[in-house]
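Chain A is the first sequence line, chain B the second, and so forth, proteins listed ahead of strands; every chain is numbered from 1. In this text the structure is predicted, and so the values were computed from the model without any measurement.
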Amino acid sequence: MPLRTTASYNALIAGYFRNHLPDAALGLFHRMPSRDLGSYNALIAGLSLRRHTLPDAAAALASIPLPPSVVSFTSLLRGYVRHGLLADAIRLFHQMPERNHVTYTVLLGGFLDAGRVNEARKLFDEMPDKDVVARTAMLSGYCQAGRITEARALFDEMPKRNVVSWTAMISGYAQNGKVILARKLFEVMPDRNEVSWTAMLVGYIQAGHVEDAEDLFNAMPDHPVAACNAMMVGFGQHGMVDAAKAMFERMCARDDGTWSAMIKVYEQNEFLMEALSTFREMLCRGIRPNYTSFISILTVCAALATADYGRELHAAMLRCSFDTDVFAVSALITMYIKCGNLDKAKRVFNMFEPKDVVMWNSMITGYAQHGLGEEALGIFDDLRLARMAPDGITYIGVLTACSYTGKVKEGREIFNSMGMNSSIRLGAAHYSCMVDLLGRAGLVDEALDLINNMPVEPDAIIWGALMGACRMHKNAEIAEVAAKKLLELEPGSAGPYVLLSHIYTSTGRWEDASDMRKFISSRNLNKSPGCSWIEYNKMVHLFTSGDVLSHPEHAIILNMLEELDGLLMESGYSADGSFVLHDVDEEQKAQSLRYHSERQAVAYGLLKVPAGMPIRVMKNLRVCGDCHSAIKLITKITSREIILRDANRFHHFKDGLCSCRDYW
DNA sequence: CACCACCAAC
């Protein structure tokens, strides 16, 4: 048996740590015949990889029987930086007996990751001998902060540049929307590696130039996995799912990023089932999901509202220690919200520190979607107490909450306060929230006034909000104004015609209504198909409007639907026929109200979901008004609780009432 | 120790 050197043991220890086998590494460390400083350094570096073993790394450093070297200290410093413990890193840096250029560069990276660019620059200036690595780190720090002029100045000042510095500068231009400048540098750089090619490729993809990206991809000497992954994402962003899938299938060397890119492509293009099955296939092949694939799959879960699967994912995330990442936890919160589990969402939210603005927004928007105005405003107050700066999306959430709960006074105050806050740019989305708020509250004239005086061009969403308000408050005159504008902006869509005919009907203008109906049926207008689904027994059961027969258990579903009809009739319910018309845009070929997809899903839920458990139904479009009334009554007759998530919001039905208070 | 990919809210 060959004699093993201490150095080879040390290398093996480092390898075990890198491959997520800390126990094997520790075992070997304790078993090895003799240890040198390199062994202790490997141990410290390994224990610094995971956040929860950082204290062990610090203890190991303190207990080395030999005098520690710069490398020993720097390994722990790297651990602190990696896990965002910048205060500890700074403290350690100052305690260190000596520092080399690596030490400086590690801490520099810490400042840059935290966005503390000016402090990074201060440290950089204090650095005795600045090597090309430190310069490049500083340069890319400026680029990430969007300070491209300073980055370029640093680049021009550099005494020596290597391919990494060139690539950093190219990437900086590319990420800051200067793809032409990036290309110019790319053309003149002395030598390129595959990272340079990939950086340029990503520049094109982020600028939305898929064709240029494809040309560059074809010109590349070889195709690194990162470039293929980026290309897939680029295809996905342009709806080219087939191209992305072809790339995925052609690739022989896939990494975890490839899998998460494929899942992301499916998720983004609403191929939700494909996203789920791809994630499952990845697990089957024994590939550890990285946190990005968790994020994508949580987003899929949120869209499908598969609560049980979502809970499983949460458990898996905890096992992988991904619950420390803001992005992943935000996705988790949104998943719980969209699955209707607000308590759990709030608990996850409360536990996570430090929260970023997106996380606050997730929570505020979540409450708004559930029609919980008080709670949304409460979180908004907490946000301000925490001295967190709200952004434009925060206000969309808060205004939506006010709108859904009729808080006109609060909404007006908040809207006006936005104008004072110079860091918030008032966009069309904010105006549409406000138009919606005023319109729902019956202040249709004021809403029209607001539109006429707004500084940005009103879009289809704004006119649509006004139109909806007109229908709610039976204002045919303003509805016609809004419809005309809507038809200019979106000539192919059926929505405005349908709304208009509905308003004519409800205001007694029968002839106009009839003309409108004829017009709608004579033209082939865009109608999106309505569908609803329900998660049962780890499966998603999908129902489409007017088509009961495609479900394998259609016989019992039909029975249930008929039974429900009988019960509804007995309690004096009569179908509101006016919604048949309204539903032309919502339900493709709606033949009968009771075949609406949400009604089928509710029937299936009543059959399958155990008594005492709420029935959770999802719908891709806005809930039909007649179904809304029927479901209210169903909860009273059957003493069941039904939670329906439609395209806009949640409806919690219980004891014959809905949480939206019929205001939606 | 620096350059490329996979990443949350509307």
Side-chain angles (χ1 to χ4, degrees), chain A residues 71 74-75 77-78 81 100-110 112 131-141 143-144 161-172 174-175 189 192-203 205-206 224-234 236 254-265 267 289-299 302 322 325-335 337-338 356-366 368-369 391-397 399-400 427-430 432-433 461:
Chain A
V71 176
T74 306
S75 294
L77 185 74
R78 176 98 194 90
V81 165
N100 61 19
H101 54 278
V102 179
T103 322
Y104 275 94
T105 312
V106 168
L107 187 61
L108 189 74
L112 292 174
D131 62 349
V132 63
V133 178
R135 286 175 200 274
T136 307
M138 190 65 231
L139 179 140
S140 77
C143 290
Q144 270 156 34
R161 300 180 197 103
N162 60 19
V163 62
V164 180
S165 4
W166 278 92
T167 306
M169 196 64 238
I170 289 168
S171 175
Q175 314 275 354
M189 72 191 286
R192 304 169 185 154
N193 62 15
E194 56 178 47
V195 179
S196 332
W197 281 93
T198 310
M200 193 60 235
L201 182 79
V202 171
I205 286 169
Q206 292 194 342
V225 183
C228 297
N229 296 352
M231 206 58 234
M232 280 170 64
V233 171
R254 296 175 190 158
D255 65 3
D256 52 352
T258 316
W259 287 89
S260 54
M262 194 64 240
I263 295 166
K264 175 73 191 160
V265 169
E267 180 261 304
N290 58 11
Y291 78 102
T292 47
S293 51
F294 264 108
I295 291 169
S296 295
I297 207 68
L298 281 169
T299 311
F322 289 147
D325 178 74
V326 231
F327 279 60
V329 173
S330 277
L332 186 64
I333 291 173
T334 305
M335 184 276 293
I337 289 169
K338 297 236 163 141
D356 73 351
V357 68
V358 173
M359 220 177 235
W360 288 94
N361 292 352
S362 305
M363 218 46 231
I364 291 172
T365 311
Q369 285 167 343
D391 68 5
I393 291 170
T394 318
Y395 283 100
I396 293 176
L399 290 174
T400 307
H430 299 113
S432 72
C433 288
I461 297 168

* With distance as the sole criterion, is a donor-acceptor pair present between the side chains of A:Asn290 and A:Asp255 under 3.5 Å? ->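 Side chains of A:Asn290 and A:Asp255: no pair found under 3.5 Å.
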* Asked: Can you find a side-chain donor-acceptor pair between A:Ser260 and A:Ser293 that sits under 3.5 Å?
  ->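 Judged by distance alone, the side chains do not pair up.
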What's the closest nucleotide to the side chain of [X] if the choices are [options]?
| X | options | value |
| --- | --- | --- |
| A:His101 | B:dC6, B:dC3, B:dC1 | B:dC1 |
| A:Val102 | B:dA9, B:dA2, B:dC1 | B:dC1 |
| A:Thr365 | B:dC10, B:dC6, B:dC1 | B:dC10 |
| A:Ala199 | B:dC1, B:dC6, B:dC4 | B:dC4 |
| A:Asp131 | B:dA8, B:dC4, B:dC1 | B:dC1 |
| A:Ser296 | B:dC4, B:dC7, B:dA8 | B:dC7 |
| A:Thr299 | B:dC6, B:dC1, B:dA8 | B:dA8 |
| A:Thr167 | B:dC3, B:dA5, B:dC7 | B:dC3 |
| A:Val133 | B:dC7, B:dA9, B:dA2 | B:dA2 |
| A:Ala261 | B:dC7, B:dC1, B:dC6 | B:dC6 |

In whole angstrom, give the distance that lies between atom [atom1] of [X] and atom [atom2] of [N].
| X | N | atom1 | atom2 | value |
| --- | --- | --- | --- | --- |
| A:Asn290 | B:dA5 | CG | P | 14 Å |
| A:Asn193 | B:dA2 | CG | P | 15 Å |
| A:Trp360 | B:dA9 | CH2 | C1' | 14 Å |
| A:Glu194 | B:dC3 | CD | P | 15 Å |
| A:Phe327 | B:dC6 | CZ | P | 12 Å |
| A:Met335 | B:dA9 | CE | P | 13 Å |
| A:Gln206 | B:dA5 | CD | P | 7 Å |
| A:Asp256 | B:dC7 | CG | P | 12 Å |

* Under 3.5 Å, is there an N or O donor on one side and an acceptor on the other linking the side chain of A:Asn361 and the base of B:dA8? ->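 When only heavy-atom distances are counted, A:Asn361 does not reach the base of B:dA8 through any donor-acceptor pair under 3.5 Å.
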* Spell out yes or no: do the side chain of A:Thr105 and the base of B:dC1 have one donor N/O and one acceptor N/O closer than 3.5 Å? =>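 Indeed, a donor on one side and an acceptor on the other fall under 3.5 Å apart.
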* To do: Begin with the C-alpha distance, continue with both residues' side-chain angles, and end with the deciding distance and a verdict on side chain to side chain contact (heavy atoms under 4.5 Å, CB included) for A:Gln175 and A:Val202.
  => CA-CA 8 Å; A:Gln175 314 275 354; A:Val202 171; 4.3 Å; yes
* To do: Could you tell me the separation between the NZ atom of A:Lys264 and the CG atom of A:Asn229, rounded to the nearest 0.5 Å?
  =>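 A:Lys264 NZ to A:Asn229 CG: 14.5 Å, rounded to 0.5 Å.
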* Can you tell me how far OG1 of A:Thr365 sits from NZ of A:Lys338, rounded to the nearest 0.5 angstrom? ->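 Going from the NZ atom of A:Lys338 to the OG1 atom of A:Thr365 covers 8.5 Å.
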Over all strands shown, is [X] touching base, sugar-phosphate only, or nothing at heavy-atom distances under 4.0 angstrom?
| X | value |
| --- | --- |
| A:Asp391 | base |
| A:Val233 | sugar-phosphate |
| A:Arg135 | nothing |
| A:Gln175 | sugar-phosphate |
| A:Ser362 | sugar-phosphate |
| A:Ile393 | base |
| A:Val358 | base |
| A:Tyr291 | base |
| A:Asn100 | nothing |

* Give a yes or no on whether the backbone of A:Val163 and the side-chain of A:Thr167 come within a donor-acceptor separation of less than 3.5 Å. =>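 Judged by distance alone, yes, a pair lies under 3.5 Å.
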* Verify the contact: side-chain N or O of A:Gln369 to OP1 or OP2 of B:dC10, cut-off strictly under 4.0 Å; return yes or no. =>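 Yes, because at least one side-chain N or O of A:Gln369 sits under 4.0 Å from OP1 or OP2 of B:dC10.
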* Asked: Does the side chain of A:Ser171 get closer than 4.0 angstrom to OP1 or OP2 of B:dC4 through an N or O atom?
  ->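 For A:Ser171, the contact criterion (side-chain N or O under 4.0 Å from OP1 or OP2 of B:dC4) is met.
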